[in-house]
Undergrad: 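This is the structure I want to talk about, given as structure tokens.
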Amino acid sequence: MQSKFVWALSTTALVAIGASAVVTAGHAQTAPGTVLPGVTVDAPAPRRAVTTARPRSRDAQGPRSTANRRPATPPAPAAVPAPTLERADGPVSGNVATRSATGSKTNAAIIEIPQTVNVVTADQMRSQGALSVSEALRYTPGVTVEPYGASGVYDVFTLIRGFRADLYLDGLKLPKGVVDGLSSSVVDPWMLERVEVLKGPASGLYGAGSPGGIINMVSKQPTTEPIREVELQGGNFGRVQGAFDLGGPIDAQKEFLYRVTGVVGRADAQTDFTNNEYYWVAPSLTWRPSMDTKFTISGGYKHDEGVWSFFNYLPAQGTITPINGRKISTDLFTGEPSFDRRRSDQGWIGYNVEHRLNDTVTLTQNLRFNSSESQIRAAATGRFPPDMDGSLTRLPIDVASNTTTFAIDNRANLNFTTGPLQHDVAVGIDYLREDIDYKFKASFDTLPLNPFAPVYGLPVSTPDMFVQNFASTLDQVGIYAQDRIRLGGWLLTLGGRFDSATSQMRDRGDGTTDPVRTTQNDTAFTGRAGLTYLFDNGVAPYVSYSTSFQPESGIDGVTGVAFRPSTGQQIEGGIKYQPFGTKTMLTAAVFDLTQQNRLTTDTSFLQRQIGEVNVRGAEFEAKTEIAKNLDLIASYAYLEPYITQSANPAEVGFRLSTIPTHQAAIWTNYLFDGGALAGLSLGGGVRYNGNTTDTANVVPVPSYALVDARIGYDFGYRTPQLKGVRLALNVSNLFDKTYVSQCDGELMCTYGSRRRLLATLSYRW
């Protein structure tokens, strides 16, 4: 690892030399209006009425969004006014983002990216009362969130276009863990400026990954203006939480900036006996020795523990359909209160350094080390069918998972012209190492539980038989390059990447024999080609083709053969519309997405590799500020997900589980800004998920529609002395609808979340 780390680290110098050679050759000059990455990150500017007059330079509002060039001699940091333009990695005022670094690794306008990019801003997360990244994506089309409903605590199970998402934080991959996701990373929305979803294969920029796309979370960064905010929350299911967000300049010259965010609280779940206590803190510090250089170091630590219903699986008969005329209660806890326990610890530290050599070249290095540990002990259901009297059969299990990742990305961004062509280039090299240690023990002394008259307190034997016991390592090095070439209204995006990945698996069996070692070496070339035309009225049609690959460590639980890498390809066509003078973004797309060598998990928690799956579909999203005090979000997705090839011919034609064919949502929020009701805001939305099925296509899971509501009050409208004080009440699933969120089989269904009330009192000064 050390040699590869040194090699990857040293490439920053090589990139700088290559970039300098381009400048020295005299062929690179700044394209008029080309966006150059800035070196400050500021608090969002207050909303103001927008003008309908067309700007002389199409900065952040137009499809060919650009920023003014820097002066030859930049002023000192203290003299720099707060920028009014949105940055791709910064905050957004309102719900409508116009720029994204996720889709191009440049400061690009979303309308210019030839793939679907959906952005959920911090304002939207707060307005909708999101308590997790999955909840933040509830109104995003083509994204299946909270598949395990009230039992889910991990965002890694979120699906994009039918495929499990890869999670990123500030452009670097987070721990994904193994199939059960126990040691995957969980990020609280309080620490985020935005959540961005890049749909479709993204290996051309990010390396190994799912063909469905990635979720990139953008964290809060130090600001040049002071930020001071505290928040208190309370709600049903025993939720009590406090949070803080503090930041700003340390010195008068604003050379040193800081920010620290944190949360502490406790919460139960809708099932009996559950409880969870948690806290996390995320500090960051920025040093700006000049206008051309910025260095930010950031870290964080998160801890939570308690009793959780993670393996609270219930049979389809008793949840979807009655059993003996009755259905199982949604608050049933299937574990043993004195035995079940969950503990999770997560920590990370890293830095980002950015240096602008000149008007053409900017160098960036992004590095982070992340460690995530989790342990769950539970009397789990779902493995054996109910007894004749309807009693559930529980199996004591003990699962320990530890995942560490080291990731570094070295990149040069170049802006120059060659004749009539304007180029926005990103070229770099990155390295990822992921180590997983996984132990799954079980005891086959089963414990009966009558779901209609549960009796707890049975003696539980210590799980001592290994179901799985392995350690795995993945080393991946990738070299990538992308050029966004502009000619008039045409924008051609071409990108390619070469990856070399080595994965090692050490199967330790029952721990009494020497491990069985397997090593796989995989190489892959992936990329993306896209063509966009930018009309002057803000309309931008596009078409693209992109590919992905993913090394798969392990052995097929059915065939005993080592997994082959999975691969993916997507064709996408669509249109984006960002009218001038408004805060509006409309996107529509159709796509055809195929994956080969897909992994699935059976009811015995064993992974197997099937042949090929195909997902075709269409998506639409509208985000707009109809007026300065009226927001609207609307979305719709149609998906056709099927198995097209399989080692088991009977599976061909099966529909993929958990993915609704139809999905729709609408949300609106209105603020009274005058009269007797000034300061009052009312919001609400409806989320619809169509019917789904289980893996074997034998359990139809009914569709459901949920209503959310919000009422808020800004005290500063009526009482100037209380400026910055806000109170809000969010209600999810307003009518307390009971529904099943998914079924992994006839024995592994989960209930969705019941009605949740969340009261929030915040003060910002």
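For the numbers below, each heavy atom of this structure counts, side chains included, while hydrogens, waters and symmetry mates do not.
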Undergrad: Using a distance-only test with no angle check, is there a side-chain donor-acceptor pair under 3.5 angstrom linking Asn312 and Thr334?
TA: yes
Undergrad: Indicate the atoms forming the closest heavy-atom contact of Arg342 with Ile376, along with that distance.
TA: CG-CG1, 3.8 Å
Undergrad: Just how far is it from atom CZ of Phe237 to atom CG of Asp331, taken to the nearest 0.5 Å?
TA: 9.0 Å
Undergrad: Taking the six-membered ring of Phe470 as reference, does the cationic atom of Arg506 (NZ for Lys, CZ for Arg) lie under 6.0 Å from its centre and within 45° of its axis?
TA: no
Undergrad: Give a yes or no on whether the backbone of Glu135 and the side-chain of Ser132 come within a donor-acceptor separation of less than 3.5 Å.
TA: yes
Undergrad: Do Thr330 and Gln270 meet the criterion of a side-chain donor-acceptor pair at a distance under 3.5 Å?
TA: no
Undergrad: Quick one about Ser219 and Asp170 (side-chain donor to acceptor, distance below 3.5 Å, no hydrogens or angles considered), yes or no?
TA: yes
Undergrad: Honestly, is Arg326 close enough over Phe452, meaning NZ or CZ under 6.0 Å from the six-membered ring centre and within 45° of the axis?
TA: yes
Undergrad: Verify whether one side chain among Gln476 and Asp499 offers a donor that lies under 3.5 Å from an acceptor in the other.
TA: yes
Undergrad: Would you please test Ser566 and Asn597 for side-chain hydrogen bond (donor to acceptor under 3.5 Å, both in side chains) and show each step?
TA: CA-CA 5 Å; Ser566 61; Asn597 302 325; over 6 Å; no
Undergrad: Does one side chain, of Ser741 or Thr750, offer a donor that lies under 3.5 Å from an acceptor on the other?
TA: yes
Undergrad: Mind listing the closest non-hydrogen atom pair of Met217 and Leu174 along with its distance?
TA: CE-CD1, 3.6 Å
Undergrad: Salt bridge between Arg756 and Asp736, side-chain N to carboxylate O under 4.0 Å?
TA: no
Undergrad: Can you tell whether the side chains of Asp464 and Lys441 come within less than 4.0 Å, N to carboxylate O?
TA: no
Undergrad: Any idea how Phe440 and Tyr438 line up, ring-wise: parallel (<30°), tilted (30 to 60°), or perpendicular (>60°)?
TA: perpendicular
Undergrad: Are Tyr168 and Tyr206 close enough that their ring centers fall under 6.0 Å?
TA: yes
Undergrad: Assess, by modelled atom type and distance only, whether the side chains of Gln375 and Asp398 contain a donor and an acceptor separated by less than 3.5 Å.
TA: yes
Undergrad: Is the closest side-chain donor-acceptor distance between Asp155 and Ser134 under 3.5 Å?
TA: yes
Undergrad: For the residue pair Ser183 / Ser401, report whether a side-chain donor-acceptor contact shorter than 3.5 Å exists.
TA: yes
Undergrad: Give me the atom names and distance for the closest heavy-atom approach of Leu392 to Leu332.
TA: CD1-CD2, 4.3 Å
Undergrad: Just checking Tyr148 against Phe157, ring centres under 6.0 Å apart?
TA: yes
Undergrad: Please walk me through it: do Arg655 and Thr661 pass side-chain hydrogen bond (donor to acceptor under 3.5 Å, both in side chains)?
TA: CA-CA 10 Å; Arg655 180 177 164 190; Thr661 301; 3.1 Å; yes
Undergrad: Any donor-acceptor pair under 3.5 Å linking the side-chain atoms of Ser703 with those of Asn691?
TA: no
Undergrad: Are more than 12 heavy atoms, taken from residues, nucleotides or ligands other than Glu746, located less than 6.0 Å from that residue's CD atom?
TA: no
Undergrad: Counting only heavy atoms not in Asp510 (residues, nucleotides, ligands), do more than 12 fall under 6.0 Å from its CG?
TA: yes
Undergrad: Applying the side-chain hydrogen bond (donor to acceptor under 3.5 Å, both in side chains) criterion to Thr502, which one of Thr519, Asn521, Thr523, Thr473 satisfies it?
TA: Asn521
